[in-house]
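Okay, so here's the structure we're looking at.
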Amino acid sequence: MSPRLSPLDRAIGAIPWLLAALLGAIALHLLAVLALPALSPNGAFRKLALHLPAGEKDLLARATTGADGPTFSDPFAALAVCRFDLSQGPLRLRAAADGDHPVSISVRLTDGTIVYSANDRQTPHGRFNVLVVTQAQADAQDAAQDNPDQAGAGAADDELRLVSPRPRGFVVFRALALREGDYDAAAATRDGFQCSVEKPAP
Amino acid sequence: MNGWRALPVAAIATLALGLTATLAALQGDPPFGDVQIGAWRSWPRLGDSDIDPYARAIVAVDGILPLGAGEGVAFMAKTDDSGAALDARCDYRLSGGAPSARFWTLSAYDVDGRLRPNPANRYGLTSAALLRDSDGGFAIEAAREARPGNWLPLGDRSRFILVLRAYQLTSSAVAGAFEGLALPAIVRGACS
């Protein structure tokens, strides 16, 4: 038979439980905030790229009232996406601006973090030649170039090598229509965007 | 509370508090890092790797595909310059400053981020297609009914949001959190 506790004793006894509940709630909140970007069904990676084979592009439909694409999409933007999984090899991105339509590329991780973005005015002659690699693949490439037997295997002058902090993500290519009625021309520029998986350095 | 009999209560309280705090934190706009210019707000860190965890979660939950910093910046207006919520029963005139950018677009959205149906099937304007005066200035009329000149159709639903995307900002506009960057004033006209 346990002794009968006074209200004060009961209140004091509840303090550790209240603190534990509070700390647990803070931990749960932080975990949820950190996990949501990769798990949310509305997240851009899950919605646009999750089911794409790595290294294959998908041309997105133009944003309209009924479109099921990302929210707050620009109706003047022609978009293409490409998923990457660097465990299968580095990803090569190529695109060229036509001089009329502003063009840009952004490299994003599965949680949506943008690790690289550039437009055609920031690249030589409006051309993009980007190689997305892991740090290990970059090290292997550097070692291969230092090896005299691999002479001639160096990167092209216009190549930008981007070391991705994580191996999985997606790329968004964007070409902009200058006015209503110009979307098809922008889409034609968008259609020239290329992405492909390359063989890792031996 | 008496010994381990308090455990289920504490566990339920943990779940309720944690999930409520998460839902509350992810409602509305990102809480940090905004820049305000007149009625326009932007969150430039959405476009780079410095994005904070709350903004990243909000972007994912809301299904937004933000512009990368090297692509441009989006500005959002939910009110006019007087602070009144934008309402399609009213007309609005946008004029004055324009962003120092290669190109910009302007569109009206429902509060859920979808383009607004309108009889003209026009969903925005671009800087390249604006009718301008001899000084290069412009005025945009945002209204339900067609207007001469630069008309931005608003559709019939009441509340709406304007989004202006400035692509390829000049370096001076990017530096210093958009110091000196000009954006159009939003002035309400007649309401029906």
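These values consider heavy atoms only, across backbone and side chains, with no hydrogens, waters or symmetry-generated copies. Proteins get letters first, then strands, A, B, ... in listed order; numbering begins at 1 in each.
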(request) State plainly whether the residues A:Arg108 and B:Glu71 are in salt-bridge range, i.e. N to O under 4.0 Å. (result) yes
(request) Between chain A and each of B:Ile161, B:Leu46, B:Leu125, count heavy-atom pairs under 4.5 Å; write down the option with the most. (result) B:Leu125
(request) Identify which of B:Ile58, B:Leu19, B:Leu67 forms the greatest number of heavy-atom pairs closer than 4.5 Å to chain A. (result) B:Leu67
(request) Check whether any side-chain heavy atom of A:Phe72 lies under 4.5 Å from a side-chain heavy atom of B:Arg165, and answer yes or no. (result) yes
(message) With a 4.5 angstrom heavy-atom cut-off, is it the side chain or the backbone of A:Leu30 that approaches chain B, or both, or neither?
(response) side chain
(message) Under 4.5 Å from any heavy atom of chain B, what part of A:Leu176 do you find: side chain, backbone, both or neither?
(response) side chain
(request) For B:Arg114 and A:Thr65, test the side chains for any donor-to-acceptor distance below 3.5 angstrom and give the result as yes or no. (result) no
(message) Ring centroids only, cut at 6.0 angstrom: are A:His29 and B:Tyr54 within range, meaning strictly under it?
(response) yes
(request) Answer with side chain, backbone, both or neither: which region of A:Ile15 has an atom nearer than 4.5 Å to a non-hydrogen atom of chain B? (result) neither
(message) Quick check on the interface: out of B:Leu17, B:Val61, B:Asp48, who has the most heavy-atom pairs with chain A under 4.5 Å?
(response) B:Val61
(message) Any carboxylate oxygen within less than 4.0 angstrom of a Lys/Arg side-chain nitrogen, looking at A:Glu180 and B:Arg122?
(response) no
(request) Indicate whether the side chain of A:Asp74 and that of B:Tyr167 have a donor and an acceptor atom separated by less than 3.5 Å. (result) yes
(request) Let me know if A:Asp182 has heavy atoms under 4.5 Å from chain B in its side chain, its backbone, both or neither. (result) neither
